[in-house]
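Here the structure is laid out as structure tokens; the discussion comes afterwards.
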Amino acid sequence: MQRFSTQVSGDGPGAAPGGVMMTAMMALGILVLVLPLVALAIILVGAWREGRRSPYAFGVGRVMSNSFAAVGGAPLVFLGGSFVLNAPSALMPLLLGGSPDAKWGVFGGAGIIGLLLWPFVQLALTRLALDTLAGRAADPGAAFALAGRRLLPGLGLVLLSAIGLAVGFLLLFVPAIILLLTWFVVLPVMVGEGRGVFDCFARSGELMRGMRWRLLLLLLIALLLWTLLAALGQGVAAAIGGVNGLWPAAIVRLVTGTLTGMLQAAGAAAVYHEVRTAKEGSGSHDLSDVFA
């Protein structure tokens, strides 16, 4: 009996680390499951309280509807612009043959081109979206002419936003979310009001004050829809070409990226139209005067 007790007590210390590890893994799994639900609850409560207290309306459904309506004003231009922006990253895995140095060279070249091309296309698409939401006929020629004139300020706006968000992410993520919500309409402000780079940041913060929780809810809904679309696309790619099929995966990335990219500029323009209409009783009706 004494020998049996000794064996049991001898096994205890050896078994303890395994039990602790199992408990820690279970706690981590529960935490991973619970945290998104807690975040969702916080966002829902925050959006509800903000909507109750704020005198300014922000219709999440209306913004989503206006985003699609903005794309509908010039669907082929939005499709082409989004395709141009997404094609390099979607097709890059098929072009990365050769040495690692060659791969980094392709990535670097594509990154430089994208850095110049992204603000140009986004400025043009934002102009088209604002025209449509203001009830004017979309004019692609005028939109791309505006993008050419505002390319350097737009590039500065993008770079400063990226630096600010990167610093925010380094400061434990929350500051980056706050900056994202505060600066969400900087590009539509530049297009719609013709302001300078730093004025765009201040004006965006002014417009988004009292709207951030509801914007965060809108972005959460958009993220969930994008996740479902991406998962569906990956499933289709796996069914067509298997897990290691490069071409099906690249095509799926291109299709999903192009479709969601069409709504990027349109969505920001729809948010700008919504908050400016709510706060000032006007949308972007003065756009033609700003860039006449």
When you group the ILVMFWY residues by side-chain heavy-atom contacts below 4.5 Å and let the links chain together, are [Y] and [X] in the same group?
X	Y	result
V167	F184	no
W226	V271	no
V185	I178	no
L180	L40	yes
I43	L215	yes

The criterion is salt bridge (charged side-chain N to carboxylate O under 4.0 Å, His left out); which residues satisfy it with R49, sequence neighbours excluded?
none
With sequence neighbours excluded, tell me which residues meet salt bridge (charged side-chain N to carboxylate O under 4.0 Å, His left out) with R212.
none
So [Y] and [X], do their side chains get closer than 4.5 Å, heavy atoms only?
X	Y	result
R150	V191	no
L123	R127	no
S54	R214	yes
Q122	L85	yes
T126	M190	no
R203	R276	yes
K279	E206	no

Please identify each residue that fulfils side-chain contact (heavy atoms from CB on, under 4.5 Å) with F201, with sequence neighbours left out.
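F201 satisfies side-chain contact (heavy atoms from CB on, under 4.5 Å) with L157, L160, S161, W183, V186, V197 only.
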For the residue pair [X] and [Y], what are the closest heavy atoms and their distance?
X	Y	value
C200	R195	SG-O, 3.7 Å
G261	N86	CA-ND2, 4.4 Å
M208	L181	CG-O, 3.5 Å
A138	D131	CA-CB, 4.5 Å
G72	P75	O-CD, 3.3 Å
V158	P119	CG2-CB, 4.1 Å

Donor-acceptor check, side chain of T182 to backbone of G205, threshold 3.5 angstrom: yes or no?
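Not confirmed, T182 side chain does not pair with G205 backbone.
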Backbone of E274 reached by a side-chain donor or acceptor of T277 within 3.5 Å:
no
I'd like to know whether Y272 forms a side chain to side chain donor-acceptor pair (under 3.5 Å) with E193, so could you lay out the CA-CA distance, the side-chain angles of the two residues, the decisive distance to 0.1 Å, and finally the verdict.
CA-CA 11 Å; Y272 169 76; E193 302 179 26; 2.7 Å; yes
Separation of L232 CG from T256 OG1 (nearest 0.5 Å):
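Nearest 0.5 Å value for the OG1-CG distance: 10.0 Å.
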Output the distance between atom CZ (F78) and atom CD (Q264), rounded to the nearest 0.5 Å.
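The distance works out to 11.0 Å.
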Report the residues that fulfil ring-ring contact (aromatic ring centres under 6.0 Å, His included) with F83, sequence neighbours left out, ordered by chain and then residue number.
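With neighbours one apart ignored, the set is empty.
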Checking F120 against F144 for the side-chain contact (heavy atoms from CB on, under 4.5 Å) test, could you report, in this order, the C-alpha distance in whole Å, the side-chain angles of both residues, the deciding distance, and whether it holds?
CA-CA 8 Å; F120 177 77; F144 284 105; 3.6 Å; yes
Show me the donor-acceptor pairs within less than 3.5 Å that the side chains of residues 63-70 make with the rest of the protein, sequence neighbours left out.
{"unit_1": "N66", "atom_1": "ND2", "unit_2": "R62", "atom_2": "O", "d": "3.4"}
{"unit_1": "S67", "atom_1": "OG", "unit_2": "V63", "atom_2": "O", "d": "2.8"}

Without placing hydrogens or testing angles, list every side-chain donor-acceptor pair under 3.5 Å for residues 216-224, not counting sequence neighbours.
none

